[in-house]
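In what follows, every chain begins at residue 1, and chains take the letters A, B, ... in the order their sequences are listed.
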Amino acid sequence: MQIKLRAKKPFSLSSVIHSHGWARLSPFDYDDEKNSLEYTIHLKNGRTVHLQIEETADGVVIKSKSNLGTPEEEEITDSVTWMLALNEEFSEFYELARREPKLQHVEDKAQGRLLRSPTLFEDTVKTILTTNTAWGGTIRMTEAFVNQFGDTLPEDTSRHAFPTPNEIAKTDEETLRNDTRLGYRAPYILQLARDIVSGELDLESMKDIDLPTEDVRKKLLAIKGIGNYAAANLLMLVGHYNYLTIDSWAFKMVSHEFFGGKPISRDEVEQVFEKWGKWKGLAYWLWDWSYPAEQ
DNA sequence: GGTAGACCTGGACGC
DNA sequence: GCGTCCAGGTCTACC
């Protein structure tokens, strides 16, 4: 099966893959040499299908060894369009970025799109797994979570789809804590899954870009385990860029870049990017920082 | 509204 | 090999 999809220009699959760390988290995989992204997806009808996504002149082509029906192809089309943000428009941001030397690269590299998962449940779980741990811990916990609870790909049992809220809601805190080794995050993720299954939380409706940012942020902050950093990260993923993902690294980078390395407050980090308005999160994220290069 | 301490894990380090 | 320390966001209790 092959599905060709068009992307709004400019587009670069490589820039989406490397937009943040998601491509390194299961069930994503990627190959820089082939410039391809892989993902094992759980379809609504229960099938698990492996996808390989490659760049074309107009956008991407999705390849799969599975034979799929029309509804399945439509679901995959919708999912990949969302995951790669194929329809997102960044011309307004590029117009502003052209005037900033530290953002000169973004239009040439077609940066701005952030790789996301098919469901906000997956992105929320992964975001919780990035908090209060090193990146290696996030990779380990995500892999354990996917391998332990996700549906197996029939033709390759080493691959699994990301678990559904239903699959997680059936387990218990002790298993997530001691077997999956999610630590204190276990009750947060269990509660998240159970709230979705019970209908108390409609996470996927927050993907609607027309919802006011503040409303979405308030709902995200009400989820246990989601604080300022995690909410900002999830807001970026659903297309709201007016909050900064301020983590411990942000203080180092902003201090080094704008304050001569002296200790700075959260407000000072915010003030630096205030002029970028609704694009401030993206300006911060794509900034050509001098701090890491000089370390 | 602001702050201190606890949460949990893995890696780095010293012995 | 073992013990200790530390980094990493969020929550809760307290002021």
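- Going from atom CH2 of A:W135 over to atom P of C:dG9 covers 12 Å, rounded to whole Å.
- The phosphate of C:dG8 (OP1 or OP2) has a side-chain N or O of A:S248 nearer than 4.0 angstrom.
- In this structure, the CZ atom of A:R266 is 13 Å from the C1' atom of B:dG2, given to the nearest Å.
- Relative to the ring axis of A:Y243, A:R217 places its NZ or CZ within 45° and under 6.0 Å from the centre.
- Taking 4.5 Å as the limit, every side-chain heavy atom of A:L51 sits out of range of all side-chain heavy atoms of A:T40.
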What nitrogen or oxygen pairs link the protein and nucleotides 12-15 of chain C at under 3.5 Å?
| unit_1 | atom_1 | unit_2 | atom_2 | d |
| --- | --- | --- | --- | --- |
| C:dT12 | OP1 | A:K224 | NZ | 3.2 |

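- No side-chain N or O of A:T81 forms a donor-acceptor pair with one of A:D78 less than 3.5 Å apart.
- Residues A:T164 and A:H42 meet the side-chain proximity criterion, which asks for heavy atoms closer than 4.5 Å.
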Every protein N/O within reach of nucleotides 4-6 of chain C N/O, cut-off under 3.5 Å:
none

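- For the residue pair A:W279 / A:N242, no side-chain donor-acceptor distance below 3.5 Å is found, with atom types taken as modelled.
- Of the possible donor and acceptor atoms, none in the side chain of A:D288 sits under 3.5 Å from a partner among the backbone N and O of A:L103.
- We find the CD-CG distance between A:E55 and A:D58 to be 10.5 Å, quoted to the nearest 0.5 Å.
- For the pair A:I189 CD1 and B:dC7 P, the computed distance is 19 Å after rounding to whole Å.
- Taking atom CD1 on A:I226 and atom P on C:dG8, their separation rounds to 19 Å, with Å as the unit.
- One can place CD1 of A:I246 at 11 Å from P of C:dG9, the figure rounded to the nearest angstrom.
- Using a 4.0 Å heavy-atom cutoff across all strands shown, A:I223 reaches sugar-phosphate atoms only and no base atom.
- A:E173 places its CD atom 14 Å from the P atom of B:dC7, with the value rounded to the nearest Å.
- Toward the 5′ end of DNA chain C lies the nearest nucleotide of A:K252, the other residue of the pair A:G225 and A:K252 mapping further downstream.
- A 4.5 Å side-chain heavy-atom check between A:I226 and A:Y188 finds every atom pair outside the cut-off.
- The main-chain N or O of A:I168 is never found under 3.5 Å from a side-chain atom of A:T171 such that the two would form a donor-acceptor pair.
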N/O-N/O pairs, protein side and nucleotides 9-12 of chain B side, under 3.5 Å:
| unit_1 | atom_1 | unit_2 | atom_2 | d |
| --- | --- | --- | --- | --- |
| B:dT9 | O3' | A:R140 | NH2 | 3.4 |
| B:dG10 | OP1 | A:R140 | NE | 3.2 |

Q | Check against ring-ring contact (aromatic ring centres under 6.0 Å, His included), A:W285 and A:Y241 | A | CA-CA 10 Å; A:W285 192 251; A:Y241 305 110; over 10 Å; no
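- Checked by atom type and distance alone, the side chain of A:R185 pairs as donor or acceptor with a backbone atom of A:T131 at under 3.5 Å.
- A straight line from CG of A:L129 to P of C:dT10 spans 13 Å, rounded to a whole angstrom.
- As rounded to whole Å, 16 Å separates atom C1' of B:dC8 from atom CG of A:D179.
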